[in-house]
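Structure record follows, encoded as structure tokens.
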2 protein chains.
Amino acid sequence: MARKTKAEAAATREALLEAAEEVFFAKGVARTSLEQIARHAGLTRGAVYWHFKNKGDLFMALVEQVRMPFQSLMDEVDKADAELSPLESIRLACHAGLVRLEQPSYQRILSILLHRCEFFSDINPLDMQEQIGNECFEEMLNVFVLAEQQQLLREDLSPEIATRLMQSMLGGLFHDWLRNPGAFSIRERGGELIDTSIRMMQR
Amino acid sequence: MARKTKAEAAATREALLEAAEEVFFAKGVARTSLEQIARHAGLTRGAVYWHFKNKGDLFMALVEQVRMPFQSLMDEVDKADAELSPLESIRLACHAGLVRLEQPSYQRILSILLHRCEFFSDINPLDMQEQIGNECFEEMLNVFVLAEQQQLLREDLSPEIATRLMQSMLGGLFHDWLRNPGAFSIRERGGELIDTSIRMMQR
DNA sequence: GAACATTTACATTCAAAACTGTATGGTTAA
DNA sequence: TTAACCATACAGTTTTGAATGTAAATGTTC
């Protein structure tokens, strides 16, 4: 095969990732072969083995794209309005997270990670799930601590429990929704749950 | 091989299910072969193909064991004390659910269903997850409606939203915990979340 | 800047392993 | 005697990783 330019090579790498995303989503990770991915991208397994070490490596590269730290959502909100109360900031940041979920690619990769893959030879998707969750937890906790310092939280609610409540609720919601995104609107139902949660939490 | 008595045959069927449970849990469903399951039970693939049609059939038989309708938890609570307020009934039923999760077999099968299996040829674990969730939802909703009729719920909280909040929160909690049951005590953390949720929900 | 050498970016081919489903065989409970 | 219960043997497919081929892009030298 003729050698491609660096830009073309990068493009085929992207094409492989996109193909993997689609086939993984459609058939699950375990039941898709590298052959199928390559063909779906109009290439052969040679290309796959050139750009990635193996299936696990390809999977890792795919999931690397979905890091959604809570911090960036907060920044997004703070930039729009710097004078928000901590609870309102959390509320809006959660809403911003829902908006991001409307991006189809984002949706598919998250769905693959949560519902369409198992163990791997040396890859453990559960660890990735946990890592992403922990990052968000730490960042949200800081804001809830701020809310408590300003005496905005109910007296019988600690920042730790508040954070866990939000995390678990959102996590469960995402799981349910990604299982069947057509069943209901995530912005609508998620928005309701977020708003009522925050409302119940404030003093 | 010599023919076994009916009781012995039933015992080997159970042994196969138990072996499947352990190997599925340890290696994930996709990456375990029927050979491995049979050997782990001290048998051969012949036994597997006699008792089950194929891997999907074996998987179905395994998951059939974990139906946990919310109703049975409520009954369990009602039997202990018939004069409970609806909110207290829900609270105790959720606690009872946490207790059931301590049963190792229960834990493993649920973990397989949630985290250790993908699609199948004709089996879709996501449908099972959804079905189990929906059953619990309907039953819990009824009790929350009762709570509203007795004016025990916050005025700004509908029974539907209350139910969804509890469901999502518990679902997210289970997912997190089953990912790594050693990380924290489900009864402790789950108990906290349940209690605070109910407390925040009441008028 | 032209000629040459070297990599790159894949396609193609090959051997090996793993897994499945079925078919067959043997023994004993019914 | 029959057929349940399971072991064993067999054929077939699928997938993987590595080896090999190759033409163009890139680097190097003068």
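Throughout, a chain's letter reflects where its sequence line sits, starting with A, and its residues are numbered from 1.
A salt bridge does not link A/Arg31 to B/Glu118: none of the charged nitrogens lies less than 4.0 Å from a carboxylate oxygen.
Atom NE2 in B/His51 sits roughly 13 Å away from atom P in D/dA4 (whole-Å rounding).
Note on residues 78-113 of chain A: no pairs pass ring pair (Phe, Tyr, Trp, His ring centres under 6.0 Å), not counting sequence neighbours. Listed by first and then second residue, the side-chain hydrogen bond (donor to acceptor under 3.5 Å, both in side chains) pairs that reach into residues 76-85 of chain A are A/Glu76-A/Arg100, sequence neighbours excluded. Pairs passing the ring pair (Phe, Tyr, Trp, His ring centres under 6.0 Å) check and including a residue from residues 50-86 of chain B, sequence neighbours excluded, read B/Phe59-B/Phe120.
The side-chain hydrogen bond (donor to acceptor under 3.5 Å, both in side chains) check on B/Glu88 picks up B/Arg91, with sequence neighbours excluded. Listed by chain and residue number, A/Asp75 satisfy the side-chain hydrogen bond (donor to acceptor under 3.5 Å, both in side chains) test with A/Gln71 (two or more places apart in sequence, or in another chain). Considering only residues two or more places apart in sequence or on other chains, A/Glu130 meets the salt bridge (Lys or Arg N to Asp or Glu O under 4.0 Å) condition with none of them. A search for side-chain hydrogen bond (donor to acceptor under 3.5 Å, both in side chains) contacts involving B/Arg116 returns B/Ser111, not counting sequence neighbours. A/Glu135 meets the salt bridge (Lys or Arg N to Asp or Glu O under 4.0 Å) test with A/Arg67; sequence neighbours excluded. With sequence neighbours excluded, the residues that form a side-chain hydrogen bond (donor to acceptor under 3.5 Å, both in side chains) with B/Arg179 are A/Gln129, B/Asp176.
Non-hydrogen atoms lying under 4.0 Å from DNA chain C are contributed by nothing in residues 15-26 of chain A.
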Considering only nitrogen or oxygen atoms on both sides, find all protein atoms under 3.5 Å from nucleotides 26-28 of chain D and state each distance.
none

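Look at A/Thr12 and you'll find a side-chain N or O under 4.0 angstrom from OP1 or OP2 of C/dC10.
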Going 5' to 3' through nucleotides 13-20 of chain D, assign each nucleotide B (protein heavy atom under 4.0 Å from a base atom), S (under 4.0 Å only from sugar-phosphate atoms) or - (no protein heavy atom that close). --SBBB--
